[in-house]
Amino acid sequence: MCKGTSEQHVRIRVIKKKKIVTKKRKKLTHPRPPVTARPSVTTSPTGTLDLTEKQEPDCPPLGLESLRVSDNQLYASSSQSFGLGPHRGRLNIQSGLEDGDLFDGAWCAEQQDAEPWLQVDAGHLTRFSGIITQGRNSIWRYDWVTSYKVQFSNDSQTWWGSKNRSSGMDAVFPANSDPETPVLNLLPEPQVARFIRLLPQTWLQGGASCLRAEILACPVSDPNGPFPEVPVLGSSDSLDFRHHDYKAMRKLMKQVNEQCPNITRIYSIGRSHQGLKLYVMEMSDQPGEHELGEPEVRYVAGMHGNEALGRELLLLLMQFLCREFLRGDPRVTRLLTETRIHLLPSMNPDGYETAFRRGSELVGWAEGRWNHQGIDLNHNFADLNTPLWEAEDEGLVPDTVPNHHLPLPAYYTLPNATVAPETWAVIKWMQRIPFVLSANLHGGELVVSYPFDMTRTPWAARELTPTPDEAVFRWLSTVYAGTNRAMQDPDRRPCHSHDFSLYGSIINGADWHTVPGSMNDFSYLHTNCFEVTVELSCDKFPHENELPQEWENNKDALLTYLEQVRMGIAGVVRDKDTELGIADAVISVDGINHDVTTAWGGDYWRLLTPGDYMVTASAEGYHTVTRSCRVTFEEGPVPCNFRLTKTPKQRLRELLAAGAKVPPDLRRRLERLRGQKN
């Protein structure tokens with residue numbers, strides 16, 4: 001811990017009595033817009049390091065929220081408990097369900113601490129330009145700081161603070177009036193130092209001195225100083241690393257299309273509640289058409305509008321694929337010639353525009369999450385789990401009720417059903433294109449979660465609820481998590497209250513928290529598509545200077561996950577007589593109670609882990625065929641084709657429909673069949 005304050009550089013007015021309280025406990029309302037406050041002008045003390053670089057008021061965050069600032073760089077005068085220690089004083093950190101555990105939602109000083117402070121060691125000379133604060137995240141308590149002072153130091157021994165020129169007293173910065181709304185205070189004069197302290201002065205009546213914070217700071221180059229050079233976050237890829245609002249996103253997608261017109265196509269799947277188009281970038285060597293035997297894959301981002309990293313990663317991915325294809329990169333060339341890729345960077349453009357206007361550091365944890373109607377899109381898909389499980393409990397699956405392609409419930413299609421236009425657009429998109437593989441990109445954690453997302457036991461908050469394809473989903477999740485740099489960092493700390501690194505950074509969604517009506521579950525039960533959710537970063541809306549590093553964290557994972565569509569078996573189910581493909585044929589695998597169907601050309605893809613399988617193809621009007629298919633660890637997919645023969649009854653129907661006479665051999669065969677039945 002650091003020592004006291006030196007009188008040579010700052011005069012501290014010591015107040016022995018209890019701190020002044022200016023706020024009363026009140027019922028929380030919806031978060032207010034972020035507040036920016038400027039105190040009176042502050043002057044640096046004599047002896048302050050004087051550097052002549054131009055001041056930059058718009059410095060990026062130091063990295064408390066993104067975890068670039070480690071726990072051992074945070075100190076405090078006192079803490080109520082370990083779970084309320086200084087390492088929990090990070091902007092937007094979320095608490096666990098229980099207060100008093102190891103994962104509480106802020107730093108909180110002890111009640112008897114008369115002069116509390118939270119200190120950050122930047123590790124090197126830094127130009128501090130502003131502070132953002134929040135109160136304590138808790139469902140049980142209301143705690144937030146209403147005002148604070150700021151001090152700086154180069155050695156943690158000698159401190160100086162911001163002063164009011166008119167009075168010469170310490171500047172007091174206004175802080176929070178609720179626990180969640182981020183409040184920004186810009187320093188009138190950025191201060192160059194290594195250490196910064198926040199000293200709460202007043203807080204909510206009946207509450208405690210608790211806060212979460214982010215520090216805005218620019219690195220300073222000091223070649224003659226004792227501090228090490230600041231590492232620069234970056235990428236070797238020359239891409240557009242910034243946040244794009246709706247117009248900028250549309251412009252960038254158009255530029256990629258113009259640069260690579262032979263492998264790209266832009267189309268819209270619908271509109272948001274406010275009329276913004278949901279644009280998709282298709283990337284393939286034959287854009288605009290489904291090629292027989294070529295699987296369709298998709299990435300969806302921006303379902304929650306304030307989780308912005310996925311949106312930017314998909315915009316970066318389309319730039320990267322275009323550029324590398326033009327360069328002749330063999331990996332990208334194979335990917336685009338053997339796969340049809342669809343990238344939807346913004347499923348909730350209305351929510352994103354709300355979050356974008358607030359800015360990456362001021363949007364908070366939830367603003368912009370929902371669409372313009374206030375609907376959480378990841379709870380808005382039809383619940384197909386419940387009717388499936390009820391039918392299973394009654395022994396009706398799969399003979400009476402299918403184990404795949406469950407229909408939409410009647411209530412869901414009623415005119416007054418609460419279904420967002422964005423949700424309907426994605427459902428119709430799923431029904432139109434035979435997707436095989438997908439990932440839904442989110443933010444706020446570092447983990448890959450897989451179906452089922454909804455617990456099977458009614459009202460259970462969490463419960464392991466695997467699908468029949470548990471092995472495949474664990475494989476897919478592990479592939480992404482295992483190639484994601486941040487998830488594989490052995491030194492990373494948990495984002496909030498779960499240490500997912502203990503489980504390889506993957507989890508069954510329902511075993512984390514139940515999500516009825518999720519897109520993952522709907523995709524699995526209503527279509528052929530296997531989909532997982534990727535939580536990309538602790539920070540939902542990282543500052544744009546962190547985008548190059550986030551791209552490097554995820555680039556190989558994004559490519560490797562797409563390549564998993566080659567895992568398993570694939571083939572075409574044809575009519576033995578005409579050699580034409582049979583649409584909607586059912587592909588069943590012994591031991592796995594979940595089937596897939598063929599596309600309109602008769603082609604299919606069935607994701608499977610390595611092993612030997614008995615696979616059956618069936619279609620209405622055809623004899624069923626079963627064959628063995630072996631999936632190896634070699635890159636596939638393994639060909640597993642079928643030729644089906646029509647049943648006599650089906651041939652008769654077709655002949656009669658065409659007005660033809662029944663051939664003698666078919667007539668005799670039908671007569672024998674009737675005799676056997678009699």
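The figures that follow rest on heavy atoms only: side chains count, while hydrogens, waters and symmetry mates do not.
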Would you say His372 has more than 12 foreign heavy atoms packed within less than 6.0 Å of its NE2? no
Among side-chain atoms of Tyr450 and Glu531, is any donor-acceptor pair under 3.5 angstrom? no
Quick one: does His496's side chain have a donor or acceptor within less than 3.5 Å of a partner on Gln94's backbone? yes
Answer yes when Glu563 and Arg331 have at least one side-chain N-carboxylate O distance shorter than 4.0 Å, and no when they do not. yes
Counting N and O atoms only, with roles assigned by atom type, does the side chain of Ser518 sit under 3.5 Å from a partner on the main chain of Asp521, one being a donor and the other an acceptor? yes
So, the side chain of Asn554 versus the backbone of Ala557: is there a donor-acceptor pair under 3.5 Å, distance only? no
For the student: nearest non-hydrogen atoms of Arg340 and Gly288, plus distance: NH2-C, 3.7 Å
Closest approach of Asp595 to Asn403 (non-hydrogen atoms, all atoms of both residues): N-OD1, 3.1 Å
Apply side-chain hydrogen bond (donor to acceptor under 3.5 Å, both in side chains) to Asp575 and Tyr622, showing your working. CA-CA 9 Å; Asp575 184 302; Tyr622 289 87; 2.7 Å; yes
Strictly distance-based, threshold 3.5 Å: is any side-chain N or O of Arg462 a donor or acceptor partner for the main-chain N or O of Asp511? yes
Specify the closest pair of heavy atoms between Arg298 and Ser523, including all atoms of both residues, with the distance to one decimal. NH2-OG, 3.2 Å
Assess the side chains of Glu422 and Asn348: does a donor N or O sit below 3.5 Å from an acceptor N or O? no
What I want to check is whether the side chains of Glu463 and Thr455 have a donor and an acceptor closer together than 3.5 Å. no
In sequence, state the C-alpha distance, the side-chain angles, and the governing distance for Trp370 and Leu377, and then conclude on side-chain contact (heavy atoms from CB on, under 4.5 Å). CA-CA 7 Å; Trp370 303 275; Leu377 300 182; over 6 Å; no
Using modelled atom types only, decide if a donor and an acceptor are shared between the side chain of His342 and the backbone of Phe435 within a distance under 3.5 Å. no
Less than 4.0 Å between a side-chain N and a carboxylate O, is that true for Asp603 and Arg574? no
Residues Glu294 and Ser284: side-chain donor-acceptor under 3.5 angstrom: yes
Can Arg311 be said to sit on top of Tyr352's aromatic six-ring, NZ or CZ under 6.0 Å from centre and within 45° of the ring axis? yes
With Trp424 as reference, evaluate Phe381, Trp429, Tyr412 under the ring-ring contact (aromatic ring centres under 6.0 Å, His included) test and give the passing residue. Tyr412
What closest approach, in Å, do Pro287 and Asn262 show between heavy atoms, and which atom pair accounts for it? CD-O, 3.4 Å
Would you call the rings of Trp512 and His498 parallel, tilted or perpendicular if under 30° counts as parallel and over 60° as perpendicular? perpendicular
Can you confirm if the aromatic rings of His405 and His526 lie within a centre distance of less than 6.0 Å? no
Least distance between heavy atoms, His290 atom then Ala599 atom: NE2-CB, 4.5 Å
Just by modelled atom types, is the Pro261 backbone N or O under 3.5 Å from a matching donor or acceptor in the Asn257 side chain? no
Could you walk me through whether Arg265 and Glu289 satisfy the salt bridge (Lys or Arg N to Asp or Glu O under 4.0 Å) test, starting with their C-alpha distance in whole Å, then the side-chain angles of each, then the deciding distance to 0.1 Å, before giving a yes or no? CA-CA 10 Å; Arg265 179 177 72 101; Glu289 64 176 276; over 6 Å; no
Strictly below 4.0 Å, N to O, side chains only: are Asp350 and Arg271 in salt-bridge contact? no
Begin from the C-alpha positions of Lys646 and Asp577 and carry the test salt bridge (Lys or Arg N to Asp or Glu O under 4.0 Å) through to its verdict. CA-CA 8 Å; Lys646 289 177 182 173; Asp577 298 326; 5.8 Å; no
Whether Arg485 and Glu552 form a salt bridge (side-chain N of Lys/Arg under 4.0 Å from carboxylate O of Asp/Glu) is what I want to check. yes
So, Glu324 and Arg327, do they make that salt bridge, N to O below 4.0 Å? yes
Evaluate the criterion side-chain contact (heavy atoms from CB on, under 4.5 Å) for residue pair Leu313 and Leu536; output intermediate values, then yes/no. CA-CA 10 Å; Leu313 288 178; Leu536 295 162; 3.7 Å; yes
Can you list every pair that meets disulfide (SG to SG under 2.5 Å) and has a residue in residues 603-668, with sequence neighbours left out? Cys629-Cys640
Count the heavy atoms belonging to other residues, nucleotides or ligands that lie under 6.0 Å from CD of Glu579, then report whether that count exceeds 12. yes
Looking at Gln564 and Thr560, would you say the former's side chain and the latter's main chain have a donor-acceptor pair under 3.5 Å? yes
I'd like to know whether CZ of Arg492 has more than 12 heavy-atom contacts from other residues, nucleotides or ligands below 6.0 angstrom. yes
When you check the side-chain N and O atoms of Thr626 and Thr616, is any donor under 3.5 Å from an acceptor? yes
Is any side-chain N of the basic residue among Lys540 and Glu445 closer than 4.0 Å to the acidic one's carboxylate O? no
Chi angles and distances behind the side-chain contact (heavy atoms from CB on, under 4.5 Å) call for Leu446, Cys538: CA-CA 6 Å; Leu446 268 173; Cys538 302; 4.3 Å; yes
Does some side-chain heavy atom of Val534 sit less than 4.5 Å from a side-chain heavy atom of Tyr299? no
Of all heavy-atom pairs linking Met567 and Val472, the shortest is CE-CG1, 4.0 Å
Is it true that, when you exclude Tyr267 itself, more than 12 heavy atoms of the residues, nucleotides or ligands shown sit nearer than 6.0 Å to its OH? yes
Check the side chains of Asn380 and Thr423 for a donor-acceptor pair under 3.5 angstrom, ignoring hydrogens and angles. yes
List for me each residue that meets ring pair (Phe, Tyr, Trp, His ring centres under 6.0 Å) alongside Phe530, sequence neighbours excluded, and say none if there are none. Phe473, Tyr524
